[in-house]
2 protein chains.
Amino acid sequence: MTSTSTDETLLRERGLRVTGVRLAVLRALDGHEHSTADDVVRSLRADLGSVSVQAVYDSLHSLTAVGLLRRLEPAGHPARYERRVGDNHHHMVCRGCGAVADVDCTVGEAPCLHPVTTHGFAVELAEVTFWGLCPRCTAGSVPAGTHS
Amino acid sequence: MTSTSTDETLLRERGLRVTGVRLAVLRALDGHEHSTADDVVRSLRADLGSVSVQAVYDSLHSLTAVGLLRRLEPAGHPARYERRVGDNHHHMVCRGCGAVADVDCTVGEAPCLHPVTTHGFAVELAEVTFWGLCPRCTAGSVPAGTHS
DNA sequence: GCCCCATACTGGAATCATTCCAGAAAACGC
DNA sequence: GCGTTTTCTGGAATGATTCCAGTATGGGGC
């Protein structure tokens, strides 16, 4: 219960009500970084017995909104969520199977890169996604140009 | 018709049949970079009279597959297509309205960045997306944290 | 210049992730 | 404990995209 009571504190600090679903979502993401909403739903059903899809989406959204979760959305794949939110790290995505791995950012805070021309935009963050093949997919190699 | 006959050559060079839909798709994207599939459908209906949605998706896919188009998929927005394919430029996306602008890459060829740790991945390209607010949205400012 | 076959296109239904909605249940300040 | 506000439930709806079966068309071969 240690991590649960810590999560409880985190929720209160951010001004969110402490609910079973929210605690379970946070717990589900411990040790399962980069889970999709569907992964979380399945995890919670195994854990709590039953939860509505909507409750999970609501929780993921509110937790993301207060900065307890970070959402990443690799092109062509459903959104994934992670608890690592303190730094400005990046991601490596396998164009074969969609596997995601974290990549440290050498700068550590956003935006870590700055565009040559801004076109008048107020740049807030630079999202870097490395695409390639994970070790497993490199073996049974997937032809290039399938990035989606 | 100059650009049309050039496009015809491009299609043949890549081993694609020359069809009205494909030529029209290429034409539609001239001067309308970063169009969505839906934009293209509308453009083609105004141009050719009628086209099936599927024909447009098929064309966009095959043109992308042979490297005549590049697809970009900003998180939370439908895919967009552009004809600028020779270099490895990046994009700036407005988190308010979804507007997209090109940003030159200082390196020019992929991958222009290299991850600190590769986790055994064979890295092929580094996709950089700058998020921020376009001039228009900066005016009637959209609160932060809405990046999706 | 015509025929044939692989490839494209049509229209309509299906899929997937996500959101909308209205009502029931739970959180927590008092 | 009580009431208000927020959250959760279940089901229907949405938007982008894909699947499918049938028809049409491009272009290499004759």
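Chain letters run A, B, ... following the sequence lines, proteins first, then strands; residues in each count from 1.
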Asker: Calculate the interatomic distance between Leu44(A) atom CG and dC8(D) atom C1'; express it in whole Å.
Answerer: 12 Å
Asker: Tyr57(B) side chain N/O closer than 4.0 Å to the phosphate oxygens (OP1, OP2) of dT18(D)?
Answerer: no
Asker: For Arg84(A), is there an ion pair with Glu33(A) - N to carboxylate O distance below 4.0 angstrom?
Answerer: no
Asker: Do the non-hydrogen side-chain atoms of Phe130(B) and Pro111(A) ever get within less than 4.5 Å of each other?
Answerer: no
Asker: Rounding to a whole Å, what distance do you find between Leu60(B):CG and dT18(D):P?
Answerer: 10 Å
Asker: Which whole-number value in Å describes the distance from Leu11(B) CG to dT7(C) P?
Answerer: 16 Å
Asker: Write down the distance between CG (Asp58(B)) and C1' (dG11(C)), rounded to a whole number of angstrom.
Answerer: 13 Å
Asker: So, does Ser59(B) use its side chain to make a donor-acceptor pair with the main chain of Val56(B) at under 3.5 Å?
Answerer: no
Asker: Round to a whole Å and report the spacing from NE2 of His77(A) to P of dA17(C).
Answerer: 12 Å
Asker: Quick check: do Glu82(B) and Asp102(B) have side-chain heavy atoms less than 4.5 Å from each other?
Answerer: yes
Asker: Could you give the CZ-to-P distance, from Arg22(B) to dA24(D), as a whole number of Å?
Answerer: 19 Å
Asker: Which of the following nucleotides, dG10(D), dT10(C), dT18(C), is nearest to the side chain of Ser52(A)?
Answerer: dG10(D)
Asker: Which nucleotide in the set dC9(C), dT18(C), dG11(D) lies at the smallest distance from any side-chain heavy atom of Ala55(B)?
Answerer: dC9(C)
Asker: Establish, yes or no, whether a centroid distance under 6.0 Å links the rings of His34(A) and His32(A).
Answerer: no
Asker: Give the rounded distance in Å between these two atoms: CG of Leu48(B) and P of dA8(C).
Answerer: 17 Å
Asker: Check the phosphate of dT18(D) against His61(B), side-chain N and O only, distance under 4.0 Å to OP1 or OP2. Yes or no?
Answerer: yes
Asker: Nearest heavy atom decides the nucleotide; on that basis, is Ser50(A) or Pro78(B) closer to the 5' end of DNA chain D?
Answerer: Ser50(A)
Asker: Measure the CZ-CG distance between Arg22(B) and Asp58(B) for me, rounded to the nearest 0.5 Å.
Answerer: 8.0 Å
Asker: Hey, which of Leu63(A), Leu68(A), Thr9(A) is the one that makes side-chain contact (heavy atoms from CB on, under 4.5 Å) with Arg14(A)?
Answerer: Leu68(A)
Asker: Just the rounded figure in Å: distance from P of dC20(C) to CD of Gln54(A).
Answerer: 9 Å
Asker: Which parts of nucleotides 25-30 of chain D does protein reach within less than 4.0 Å, heavy atoms only, written one letter per nucleotide 5' to 3' as B for base, S for sugar-phosphate only and - for none?
Answerer: BBS---
Asker: Which part of the nucleic acid does Ser62(A) contact within heavy-atom distance under 4.0 Å: base, sugar-phosphate only, or nothing?
Answerer: nothing
